[in-house]
Amino acid sequence: MASPIKNYFVGWRYCVFLGIFILLYIVGILLPLRFTPHYYTYMSRIWNWTEILIMLLALYYIVKTRIFKWRQAITAVLLGAVCLVSLFRDPRTADIITTSICVMVTFYAACQLYEQANIDNTSIHISLSESIRYFVLGTFIAVPLAFLNVMYFSFSRQIHIHNLIHSAIFALKPAIAEEVIFRFFLLAYSYYILGDRVKKHFFHVFIYIILIVPHELLHYPDQFIKSPFFALGMCILNGLLFNLPMAILMKRKNLQMAIGMHWFIDFIRFAAGF
């Protein structure tokens with residue numbers, strides 16, 4: 001049985017990460033945008049800062065483990081390269097390149113942390129055909145949420161059908177980047193620092209908090225400035241409707257299924273012109 005001191009230490013390590021994130025979030029909201037002209041919204045600035053924070057954490061564990069595996073490195077590079085397709089749509093070249101590097105670093109670090117934690121994660125070891133099958137399953141699960149998401153946007157803007165192929169391609173970037181950086185790596189990080197405690201239901205709360213809360217909050221910095229109560233309500237609602245199902249898929253199934261779900265939701269949104 002783990003001692004209370006060890007349990008406290010585990011909780012303390014979570015609090016350090018979340019505390020740094022909250023500090024960046026507060027600074028990102030309070031600091032006027034004119035001081036960082038590269039960013040055009042508070043959301044883009046805080047989002048980029050958080051990606052860099054998580055990448056630095058991932059780099060620390062890569063250096064700490066000192067293990068190199070070609071297959072995982074190649075997969076990491078391929079995933080990061082796919083994210084670069086957004087360069088053809090989004091003028092924020094530096095941010096997209098940063099995100100792509102974050103994907104490579106966090107995916108590779110996550111693979112190492114899963115092994116260090118003795119977790120046989122199916123996301124890493126299944127074949128290409130199985131990966132495609134899980135991806136497709138994720139898209140089927142996402143169907144009702146994808147159309148619910150479009151309905152929400154249609155209340156404030158009119159639907160304009162965009163090129164479906166382009167929408168499908170560009171939806172790969174947020175699906176891969178967000179699931180790898182904010183869930184795949186942070187889940188591996190949780191398994192690594194929790195160790196045997198991960199089997200206890202009490203610690204599942206910590207895992208879901210770290211898989212859901214930072215990612216959800218990143219969508220609403222600008223809204224928090226305009227209407228804090230509305231932003232908080234949207235965080236809770238979207239966290240339950242969208243982030244929680246993706247976090248459950250990541251934890252109980254695999255990365256491929258979570259990416260499939262995320263991809264379909266964004267694909268339908270892009271195709272509808274939002």
Side-chain angles (χ1 to χ4, degrees), residues 2-3 5-21 23-24 47-84 94-128 130-131 173 176-200 203-204 206-207 209-211 214-215 247 250-251 253-256 258-259:
S3 69
I5 294 177
K6 289 184 177 180
N7 286 340
Y8 172 80
F9 182 65
V10 169
W12 177 80
R13 293 170 77 176
Y14 268 105
C15 289
V16 168
F17 172 78
L18 291 173
I20 295 174
F21 166 72
L23 179 63
L24 285 178
W47 195 295
N48 192 237
W49 286 358
T50 305
E51 286 182 333
I52 294 172
L53 168 66
I54 296 174
M55 181 179 68
L56 292 175
L57 181 63
L59 280 171
Y60 167 77
Y61 283 108
I62 290 175
V63 173
K64 184 177 180 179
T65 56
R66 296 183 181 180
I67 299 173
F68 184 79
K69 294 194 175 181
W70 280 103
R71 182 178 177 182
Q72 295 171 0
I74 292 172
T75 303
V77 171
L78 289 174
L79 288 172
V82 171
C83 293
L84 291 175
D95 289 355
I96 294 170
I97 292 175
T98 300
T99 296
S100 299
I101 295 172
C102 287
V103 168
M104 298 178 198
V105 173
T106 53
F107 178 84
Y108 185 78
C111 292
Q112 305 311 311
L113 290 181
Y114 282 122
E115 293 187 4
Q116 292 294 312
N118 294 318
I119 300 294
D120 185 21
N121 192 285
T122 56
S123 306
I124 303 170
H125 302 296
I126 58 178
S127 64
L128 178 61
E130 282 291 284
S131 294
K173 184 259 183 182
I176 292 173
E178 293 174 35
E179 293 306 315
V180 170
I181 297 171
F182 296 104
R183 275 190 266 272
F184 186 65
F185 170 74
L186 290 179
L187 179 60
Y189 169 70
S190 298
Y191 284 147
Y192 179 78
I193 66 173
L194 286 175
D196 292 336
R197 300 172 189 79
V198 76
K199 299 176 183 178
K200 297 183 178 181
F203 287 103
H204 291 189
F206 288 107
I207 293 176
I209 286 174
I210 206 169
L211 293 185
H215 178 256
M250 182 68 72
K251 186 174 182 297
K253 294 298 181 180
N254 49 51
L255 171 64
Q256 290 85 339
I259 288 177

Problem - Geometric class of the F182/H215 ring pair [parallel <30°, tilted 30-60°, perpendicular >60°] - result: tilted
Exercise for the section: Could you check whether the rings of Y108 and F68 sit parallel, tilted or perpendicular, using 30° and 60° as the cut-offs? Expected result: tilted
Handout entry: Cationic N near anionic O, under 4.0 Å, E115 to K69
Key = yes
From [X] [atom1] over to [Y] [atom2], what is the distance, rounded to the nearest 0.5 angstrom?
X: L211; Y: L186; atom1: CG; atom2: CG; value: 6.5 Å
X: M55; Y: T98; atom1: CE; atom2: OG1; value: 7.0 Å
X: N118; Y: Q116; atom1: CG; atom2: CD; value: 8.0 Å
X: L113; Y: N121; atom1: CG; atom2: CG; value: 11.5 Å
X: T99; Y: M104; atom1: OG1; atom2: CE; value: 11.0 Å
X: L57; Y: Y189; atom1: CG; atom2: OH; value: 5.5 Å

Problem - I52 to C102 - nearest heavy-atom pair and separation - result: N-SG, 4.3 Å
Exercise for the section: Provide the closest heavy-atom pair for I209 versus P214 in the form atom of the first, atom of the second, distance. Expected result: O-CD, 3.4 Å
Measuring only between side-chain heavy atoms, which start at C-beta, is [X] closer than 4.5 Å to [Y]?
X: I119; Y: Y192; value: no
X: E179; Y: L255; value: yes
X: F184; Y: M250; value: yes
X: K251; Y: H204; value: yes

Problem - Close aromatic pair by centroid cut-off 6.0 Å: F107 and F185 - result: no
Problem - W49 ring center near F21 ring center (under 6.0 Å) - result: no
Handout entry: Donor-acceptor pair, side chain of Q256 and main chain of S123, under 3.5 angstrom
Key = yes
